[in-house]
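Right, one structure below, let's go through it.
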2 protein chains.
Amino acid sequence: MNTAKRKRLESKGWKVGTAEEFLSFSPEESAYVELKLALSKTLQETRREKKMTQEQLARLLKSSQSRVAKMELSDPSVSLDLLVRSLLALGTSRKNLVRMLA
Amino acid sequence: MNTAKRKRLESKGWKVGTAEEFLSFSPEESAYVELKLALSKTLQETRREKKMTQEQLARLLKSSQSRVAKMELSDPSVSLDLLVRSLLALGTSRKNLVRMLA
DNA sequence: ACAACATATGTCAAATTTGACATACTGTCA
DNA sequence: TGACAGTATGTCAAATTTGACATATGTTGT
């Protein structure tokens, strides 16, 4: 959603020090973050099942190791788009994709 | 998934005149496009069920009528991200979201 | 402890996506 | 016909996302 400020709160759940922001998320923000978390987790699981390193996956995706790491950590700088495309590139079928989200 | 060139092929299925590009899509590209199409369709259906105009939905999403139109047309310039966030903002539950994709 | 490998984190220029605007198109009603 | 509401399409500056790089932090075997 909008500002990059809030994004810093997303991934890990909260940040302790930053006293200024202790806003709760709207339902749709939560749902969005949860979706991303589910996909991240699935991506990591899938990669591990295939016995690949982040580096190898990065090559497959024409991306970089650091971005793969961020994907698996559900970093705020990673879009749903990238996560979905990566899973698809790993051969995840739509059916499986849907199952993992359910 | 790279170049913006291919993107032009995405939405409608193909473009007649542009003889240069007649490349077929890889399975994951197809899956990606199909996902977007499913979401677009759902977005339009949901909006209509709620008897909203694109303009009204745009206001709700803090976007613009033209972008809503592009979303519903699954324009290549629209990300999965935006589609999902819009559906969530419309109150679509994760459960429903998943069902529409299945 | 030291390598060697894997993963995490920060930064940044380049690429993509976004809202906004103008404007065109498509009905529909009088 | 013409006015109006709704939708489509093209463009563009601003915002966000991306791959790449450097570097830090594990982790495992010797």
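Sequence lines set the chain letters: A, B, ... in the order given, protein chains first and strands last, and positions in each chain run from 1. Source: prediction; values computed, not measured.
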Worksheet item: Quick one: side chain to side chain contact (heavy atoms under 4.5 Å, CB included) partners of Ala69(A), sequence neighbours excluded?
Response: Gln54(A), Gln65(A)
Discussion item. Would you say that Leu61(A) contacts Met71(A) through its side chain, given a criterion of any heavy-atom pair below 4.5 Å between the two side chains?
Written reply: yes
Discussion item. Which residues pass the side chain to side chain contact (heavy atoms under 4.5 Å, CB included) test with Glu45(B), not counting sequence neighbours?
Written reply: Lys41(B)
Practice prompt. Over all heavy atoms of both residues, which pair between Tyr32(B) and Leu80(B) is shortest? Give the atoms and the distance, please.
Written response: CE1-CD1, 3.5 Å
Worksheet item: If we only count heavy atoms from C-beta on, is the Thr92(A) to Val84(A) side-chain gap below 4.5 Å?
Response: no
Worksheet item: Under a 4.0 Å heavy-atom cut-off, which of residues 38-56 of chain A touch DNA chain C?
Response: Arg47(A), Thr53(A), Gln54(A)
Item to complete: Please determine, by modelled atom types, if Thr46(B) and Glu49(B) share a side-chain donor-acceptor pair under 3.5 angstrom.
Response: no
Discussion item. Output one letter per nucleotide in nucleotides 18-30 of chain D: B when a protein non-hydrogen atom lies under 4.0 Å from the base, S when only the sugar-phosphate is that close, - when neither is.
Written reply: BBBB---------
Discussion item. Do Arg67(A) and Asp75(A) have side chains that approach each other closer than 4.5 Å (heavy atoms only, starting at C-beta)?
Written reply: no
Discussion item. What I'd like to find out is whether the side chain of Ser79(A) reaches to under 4.5 Å of the side chain of Leu82(A), using heavy atoms alone.
Written reply: yes
Worksheet item: Salt bridge or not for Glu72(A) and Arg47(A), using N-O below 4.0 Å?
Response: yes
Worksheet entry | Whole-Å distance separating the OH atom of Tyr32(A) from the P atom of dT16(D) | 12 Å
Distances for protein N/O vs nucleotides 27-30 of chain C N/O pairs under 3.5 angstrom?
none

Discussion item. List the residues meeting side chain to side chain contact (heavy atoms under 4.5 Å, CB included) with Lys51(B), not counting sequence neighbours, and say none if there are none.
Written reply: none
